[in-house]
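Okay, so here's the structure we're looking at.
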Amino acid sequence: MIAIEAEDLKKRFGDVEALKDVSFKVKRGEVFGFLGPNGAGKTTTVRILTGIIKPDSGRARVNGYDVVEETLKAKEPIGVLPEVSNAYPDLTAWQNIMLIASLYGMRKRDAEARANELLKEFGIYERKDAKVRGFSKGMKQRLMLCMTLISDPEILFLDEPTSGLDVQSARMIREKILEIANERKTVFLTSHNMDEVNMMCDRVAIINKGKIVTIDTPEMLKSRVGGSVAIEVSFGERVELNMENAEKVGDKYVIYTTNPYKTICEVVDFARKSGAEIVSINTRTPMLEDAFLKLLEVEG
Amino acid sequence: MKCLAIAKKDIMMYYLKGPVVIFGILLPLFLFLAFWIGRELPLNFLMAGLISMTVFFASTSVSPVIAPWEGQMRTLLACPVSTSTIIFGDIIASLSFGICISLIPLLLAFCFGFTPNHNSCNTSGCLLLLLPGLAVLSLSDKPALDGHDDLIACSLSANIHKRNFHPCSGASSLGKGCFNAFSSHVFPDVARASFGMESFLSVYMDFIALLIFSVIFLILAIKLHERALLSRIF
């Protein structure tokens, strides 16, 4: 069964074509990653799917309801976690959660029980009567997640949920997302953190310049990178390594190859001939980040 | 019920702020004192003007404040609520605030020993009088508070102040025609009637005019807000 469906979505802001025929389907219970560079159209897509803005053309359905024609029905089963904390700073954590519970039409008793449970789970119960203005970024984001989850939504839209957070808060949020995924709820995850996407998503869509570049599982995307192995080598001094598929990344070279033995020999030969000292040499399978960059490069 | 949740949020977030209360009570009070001191004017004449001004200032003082503060529109819009619900919530909050704040000069009038001549008018009027001002509030579709807006606000305030204290009955035919076109003039007209003074229109006509203005402003407010939502999100 399909939880989220986008069909030929188009959106233009003045002269900028933000979305060009964006289409995809997200199955119920799936964790779907949505990746793309800044300005690629991720946020516009999420805003259309969550009924905040309307597409110029095309259709979007959430839980089977058209987000333009049946906006309120489409919004009922969803919870949205925006990238930037949007809690009311002059209200307390409790008041913010209760406001959202009221807007979802929850009964007061149910809302209070759920709010207590969530606040305790996210470690901000003791600060529930404090104004949000004094919260740290991590606390605000945890509160936002409480607000998102108060209605126990079937479909979650998470926009950069761990962006800029401390390690503890980020880990707490990741664990909660995995827990939600295990409850067979649908998660639409927008992130720049490739490890996060790789770890949590069943499938990933990559969007660039308003167009979907590809949709696949993280492992399949990784396998699309030039070779099956990436060799990372760093030298004691600055050298120019002229080898096929070699990319300079910081103080290292990364070489994608299907024949790691031969490539390593070539690197060692190069070091001998040039007199450069090899400081480290590692082999690793390509990461999702490699696939992401490669696919964007191909797209131009 | 969802609009009540919005209203509760508005009251806690915006209406119980110092500047709003100060602008709503102190400014009209000082304008009133400036008009009153040194003149031998009847109390009912002054009170009608004071109530009109208080309600107008209180309801409109929030509009330049509420829009720039409402940076959480995305959160609200992602919830299953319509734009109309959000606007109705804003109006309920404004209405509640307006009623509370207009009770202050009313109580002041009672303290001076004043007894209203039109009881029914005073009770129902207190509620109905607020509506056009509230609808004006809802019309504020985008963040204001720049120099240009301040100038408009000042000139408008001066005009309203003048109109609140000067009945229209002595105006020219052109002035009388203009009277009907402005909700801010109908507003003090009912206040004057409720304090037993001469009103330009009959009380019933004033109420009808107020209701018409309310409906017009409400429709305009919803349209403007829908159009302005994008600029408040991005």
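Keep in mind that the numbers below use all heavy atoms, side chains included, and drop hydrogens, waters and symmetry copies. The model shown is predicted, which means the values in this text are computed figures rather than measured ones. Each chain gets a letter, A, B and so on, in the order the sequences are listed, and its residues count up from 1.
- In the displayed structure, B/K2 atom NZ is contacted under 6.0 Å by more than 12 heavy atoms of other residues, nucleotides or ligands.
- When side chains are defined from C-beta on, A/I100 counts as touching B/C79, because their heavy atoms get closer than 4.5 Å.
- Within 6.0 Å of the NZ atom in A/K131, the count of heavy atoms belonging to other residues, nucleotides or ligands does not exceed 12.
- Taken to the nearest 0.5 Å, the CG atom of A/L72 stands 7.0 Å off from the OG1 atom of B/T85.
- Within 6.0 Å of atom NZ in A/K25, 12 or fewer heavy atoms from other residues, nucleotides or ligands are found, so the atom counts as exposed in its surroundings.
- Heavy-atom distances place no part of A/M98 under 4.5 Å from chain B, backbone and side chain included.
- Heavy atoms of A/L81 lying under 4.5 Å from chain B are absent altogether.
- Once rounded to the nearest 0.5 Å, the distance linking CG of B/L76 with OH of A/Y88 reads 3.5 Å.
- Heavy atoms from other residues, nucleotides or ligands lying under 6.0 Å from OH of A/Y65 number 12 at most.
- Here the closest non-hydrogen pair linking A/P89 and B/M13 is CD-CE, 4.5 Å.
- Side-chain contact between B/I6 and A/L103: present, with at least one pair of heavy atoms (C-beta onward) separated by less than 4.5 Å.
- For A/K185, the NZ atom is densely surrounded, since the number of other residues' heavy atoms within 6.0 Å is greater than 12.
- Atoms CD and NZ, on A/Q95 and B/K9 in that order, are 12.5 Å from each other to the nearest 0.5 Å.
- A/K73 places no side-chain N or O within donor-acceptor distance of the main-chain N or O of B/P80, the cut-off being under 3.5 Å.
- Counting heavy-atom pairs under 4.5 Å between each of A/T50, A/I78, A/L91, A/V80 and chain B puts A/L91 at the top.
- In this structure the side chain of B/M12 never reaches within 4.5 angstrom of the side chain of A/D90, judged on heavy atoms.
- Looking only at side-chain heavy atoms (C-beta outward), A/Y104 and B/V81 stay at 4.5 Å or farther from each other.
- Atom NZ of A/K75 is separated from atom CG of B/L77 by 5.5 Å, given to the nearest 0.5 angstrom.
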